[in-house]
Amino acid sequence: DNTEKRYTIGFSQCMMDDVWRQAMMVEMNIEVSNYENIDIIVMDAEENNQKQIRQIRELINRKVDVLIISPNESNNLTPIAVEAYRAGIPTIIADRKINSDEYTSYVGGDSYEIGKMAGQYASSLLPDSATILEIWGTKTTSPAIERHQGFIDGLDKSKGFNIISIEGKWRREIARDETEKLPDYENIDLVYAHNDVMAIGAREAIIKRDSSLIPKIKIMGVDGAFGKDAGLEAVADGRIDASFLYPTGGDEVIKVAMKILTGQPVEKQYILEGTRIIDKPTAQTLLLQSDQLINYQNRIEQQRKNLESIVNEFSILRHSLILILLL
Ligand code: FRU
């Protein structure tokens with residue numbers, strides 16, 4: 001009977017210690033809870049390519065029914081992702097891309113479009129020959145490359161902007177430290193960081209140097225994730241001026257996995273819709289909605305625990321019954 005069969009989804013996550021990825025996990029868990037016959041094994045590679053390769057190999061050996069990979073660095077993770085696919089495991093690539101088309105489906109937001117939107121928005125805010133500080137995510141990851149290219153294409157060329165770039169490697173502390181190393185801040189008119197946590201890091205560096213610069217410098221990030229110290233909160237409370245929504249695709253990726261498991265056809269690419277600018281009022285609205293999502297997730301957790309304790313009580317009862325019968 002098909003409905004009885006249990007499936008295991010393996011999920012290799014390049015890092016878990018990150019607000020956007022935690023939001024992704026919440027969305028995945030809510031979607032997973034819609035199905036009774038799904039188990040999910042999540043492995044956190046902590047931004048380490050070698051570790052992620054080992055973990056994917058382990059998931060291959062455990063013969064998971066579907067493998068979801070959010071690769072750390074595109075080049076380094078490509079061979080193992082291809083190996084999984086060739087071993088016959090349906091493989092879904094999420095968020096960051098690999099350099100091969102040997103996978104089943106790709107699910108992710110449109111980083112080029114986000115960059116372009118950011119470039120156009122920056123152009124509308126800035127005077128001619130303004131200076132922009134661009135803070136890159138890790139340069140060997142596809143979203144960083146696309147957010148950069150889109151930004152350059154979105155900028156108004158006639159305005160002759162001056163661009164300074166540094167690499168914040170997707171991390172708040174690295175963005176802060178790299179910004180601190182810059183000789184002078186006086187010229188900077190706008191910060192464009194490839195994600196919100198780096199935008200927050202840059203702001204910390206600017207405040208440390210000279211907090212009177214803050215009202216003069218526009219700060220923009222990408223992601224718009226919910227959670228403590230994530231983009232929605234930072235835009236809503238005015239720490240950063242704007243963000244651009246990069247959906248996590250947590251629910252979508254599970255839906256695609258379910259299609260594969262139930263033998264339905266899937267697309268090669270699912271480019272997530274929803275790319276848009278998040279200004280302060282939008283952030284405030286989205287924050288309220290995300291609170292509901294978190295409540296929902298907590299309720300599901302609670303129900304699962306209740307169910308577990310009922311099952312436990314039942315099995316204790318059964319054991320004592322058997323014991324009584326034996327006596
Ligand atoms: C989190 C993150 C996000 C970003 C994505 C790009 O690890 O840096 O902030 O949107 O990864 O892959």
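Ligands are counted one by one from 1 in listed order, and the atoms in each one are counted from 1 as well. Every value quoted in this text rests on a predicted model; they were computed, and no experiment measured them.
Not less than 6.0 angstrom separates the ring centroid of Y106 from the ring centroid of Y270.
Annotation for D223 and L245: closest pair O-CD1, 3.5 Å, computed over non-hydrogen atoms. Nearest heavy-atom pair across E180 and A205 is CG-CB, 3.7 Å.
Heavy atoms of D95 come nearer than 4.0 angstrom to ligand 1 in at least one pair. The closest approach between R147 and ligand 1 falls below 4.0 Å for a heavy atom of the residue.
Using a 4.0 Å cut-off to heavy atoms of P143, the atoms of ligand 1 that qualify are 6 (C), 12 (O). Per-residue contacts place D18 under 4.0 angstrom from the following atoms of ligand 1 (heavy atoms of the residue considered): 1 (C), 7 (O). When each atom of ligand 1 is checked for a heavy atom of Y246 under 4.0 Å away, the hits are 10 (O).
The aromatic rings of H194 and H148 lie tilted to each other, with the angle between the two planes from 30° to 60°.
Counting only heavy atoms of the protein, atom 9 (O) of ligand 1 lies nearest to D223 OD2, 2.4 Å. For atom 7 (O) of ligand 1, the closest heavy atom belonging to the protein is R21 NE, 2.6 Å.
Side chains of R276 and F244 form no contact here, defined as non-hydrogen atoms less than 4.5 Å apart. A heavy-atom distance below 4.5 Å is found between the side chains of L125 and L190. The closest side-chain heavy-atom distance from V66 to T91 is not below 4.5 Å.
Counting only non-hydrogen atoms, the option in R171, K169, R96 that gets closest to atom 12 (O) of ligand 1 is R96.
Considering backbone and side-chain atoms alike, W20 places every N or O at 3.5 Å or more from each N or O of ligand 1.
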